[in-house]
Each structure stands twice: as structure tokens, then as C-alpha cells.
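First the proteins, then the strands, lettered A, B, ... as listed; each starts at 1.
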Amino acid sequence: GNSVTQMEGPVTLSEEAFLTINCTYTATGYPSLFWYVQYPGEGLQLLLKATKADDKGSNKGFEATYRKETTSFHLEKGSVQVSDSAVYFCALSDSGTASKLTFGTGTRLQVTL
Amino acid sequence: DTAVSQTPKYLVTQMGNDKSIKCEQNLGHDTMYWYKQDSKKFLKIMFSYNNKELIINETVPNRFSPKSPDKAHLNLHINSLELGDSAVYFCASSQAEHTEAFFGQGTRLTVV
């Protein structure tokens with residue numbers, strides 16, 4: 001079956017530090033890959049996506065590249081801000097199965113001054 | 001102009017009660033979903049509907065019954081609530097299958 005594995009959190013960084021949150025996946029078909037962000041007390045918001053191998057998704061300074069050879073979709077940001085503190089979810093939607101998102105366990109990011 | 005809206009945002013109820021959560025989307029999407037987020041933040045699909053037709057029922061107890069009166073609405077009715085049903089329930093919609101989903105704000109259900 002499909003699965004998404006994310007690095008354990010929480011991740012605590014100082015403002016302006018470099019961020020990497022690792023994500024790897026297994027899928028039976030050709031998945032689309034997503035990063036969602038959940039701010040405290042809110043719903044999930046799409047942060048970025050990539051639909052095929054070697055695509056790079058980017059938004060608000062965040063980037064992730066779809067790497068088929070390593071089945072990975074790591075999230076990166078060059079300089080984090082306090083306002084980036086949230087829970088980040090990696091997810092996939094597999095064309096080989098009925099439409100649904102399979103999520104990783106989420107990684108909590110805490111950015112301090 | 002909220003895209004996916006759920007009501008209520010908070011729901012506190014006693015064991016054994018029956019409750020409903022409503023969801024509406026104004027995006028014109030064909031597919032709608034219910035996800036459950038447990039206390040450890042883990043998200044799991046419960047149901048998906050495409051054009052009012054049930055597509056996914058992911059081993060959810062039959063005390064949970066989704067109803068889709070039209071493409072824009074997907075409600076969730078829960079009978080005989082149990083303590084273990086306490087969670088945050090998210091409604092979502094997508095334009096087509098395997099495209100990004102847009103989520104509502106969530107309904108925090110607490111069963112006491």
C-alpha cells in the first residue's frame with residue numbers, strides 16, 4: 001500500500017536558520033506529492049505540490065523537489081521566520097488508487113527569535 | 001467567501017448521543033472528503049464522494065454515515081458516540097481526482 005514517512009519532530013530553529021524536513025514515500029502508481037501546513041487552531045493549507053518526477057514545487061520561500069530515484073520530497077527553506085511555526089505534513093495522492101491523500105505523521109516546527 | 005466551511009467548529013457531547021457535522025464548498029469541486037485527525041495530529045481518510053457517489057469508505061465503523069445531498073455538500077452523521085470518537089474532523093474538496101484538496105477549518109469533537 002501507499003505510505004509517507006516524515007522525520008520526527010519537533011524541530012526547533014532560530015530565526016533565519018535553514019530548514020529541511022525529510023519526506024519519503026512508497027506508492028503503487030505514479031503519485032502527486034504535496035506539502036500542507038497547519039497553523040495552530042486552523043485547518044490545513046496547501047503549501048506546494050509536484051505532480052511528476054523532477055518537478056519542483058515552491059511557495060513563500062519553501063521548496064521541494066520530486067525525486068523518483070530516492071522516492072523523496074524533502075521540504076526546504078533558506079531562512080525561516082517565527083511566523084513559519086506550524087505543523088508540516090507531507091502527503092501523496094496515488095493515481096493507482098481511488099482519490100485520497102495519504103499523509104505523513106506531521107512535523108512540528110518551532111522557530112524562535 | 002469561505003471556500004470549504006464546516007459547522008460547528010466545536011462540538012462537546014455525551015457518550016451515546018447522535019450528532020452531525022455539516023460541510024459545504026463553494027468551489028464547484030466534484031470530489032469531497034472527510035478526514036479524521038487524532039490527538040497525535042495523524043490524518044486519515046474516512047470517506048470520499050465524487051458527484052454525490054461514495055467512492056471510499058475506509059474501514060470506518062458504520063456508526064459514521066456520510067450523506068451528500070448535492071455536489072456542494074457532504075455531511076457526517078455519527079450515531080452512539082464513543083469516547084474514542086473524540087478528534088478533529090476535516091472536510092475537504094478537490095477539483096478532480098488526484099488534485100490538491102482544499103480543507104475546511106475542522107470540527108473539534110469531544111465526547112465526554
Notebook entry, point to check: What closest approach, in Å, do A:F103 and B:F42 show between heavy atoms, and which atom pair accounts for it?
Noted result: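 Closest pair (atom of A:F103, atom of B:F42, distance): O-CE1, 3.8 Å.
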
Item checked: side-chain contact (heavy atoms from CB on, under 4.5 Å) evaluation trace for A:T102 with B:I45 -> CA-CA 8 Å; A:T102 298; B:I45 184 76; over 6 Å; no

Is [Y] reachable from [X] through a run of I, L, V, M, F, W or Y residues, each pair having side-chain heavy atoms under 4.5 Å apart?
{"X": "A:V37", "Y": "A:M7", "value": "yes"}
{"X": "A:L33", "Y": "A:V4", "value": "yes"}
{"X": "B:L81", "Y": "B:I21", "value": "yes"}
{"X": "B:Y33", "Y": "B:Y89", "value": "no"}

Check: Run the side-chain contact (heavy atoms from CB on, under 4.5 Å) check on A:L101 and B:F103 step by step: do they pass?
Finding: CA-CA 12 Å; A:L101 288 167; B:F103 284 78; 4.1 Å; yes

Check: Among B:Q105, B:K41, B:E100, B:K40, which has the most heavy-atom pairs under 4.5 Å with chain A?
Finding: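 Ranked by heavy-atom pairs under 4.5 Å with chain A, first place is B:E100.
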
Notebook entry, point to check: With chain A, which of B:K44, B:Q37, B:E58 has the greatest number of heavy-atom pairs at distances under 4.5 Å?
Noted result: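 Option with the greatest count: B:Q37.
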
Item checked: Beyond-backbone contact of A:L44 with B:L43, side-chain heavy atoms, under 4.5 angstrom ->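 When only atoms from C-beta onward are counted, B:L43 and A:L44 do touch, with a gap below 4.5 Å.
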
Check: What part of A:S32 is in contact with chain B, defined as an atom under 4.5 angstrom from a non-hydrogen atom: side chain, backbone, both or neither?
Finding: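 Side chain of A:S32 only, per the 4.5 Å heavy-atom cut-off to chain B.
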
Notebook entry, point to check: With respect to chain B, which residue among A:Q38, A:E42, A:Q45 yields the maximal number of heavy-atom pairs within a distance under 4.5 Å?
Noted result: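 Option with the greatest count: A:Q38.
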
Next item on the list: Answer with side chain, backbone, both or neither: which region of B:K9 has an atom nearer than 4.5 Å to a non-hydrogen atom of chain A?
Entry: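 The side chain, not the backbone.
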
Should the heavy atoms of other residues, nucleotides or ligands under 6.0 Å from [atom1] of [X] be counted, would the total exceed 12?
{"X": "B:K22", "atom1": "NZ", "answer": "no"}
{"X": "B:Y10", "atom1": "OH", "answer": "no"}
{"X": "A:Q81", "atom1": "CD", "answer": "yes"}

Next item on the list: Mind checking the OG1-NZ spacing from B:T31 to A:K100? Nearest 0.5 Å is all I need.
Entry: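 Answer rounded to 0.5 Å: 14.5 Å.
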
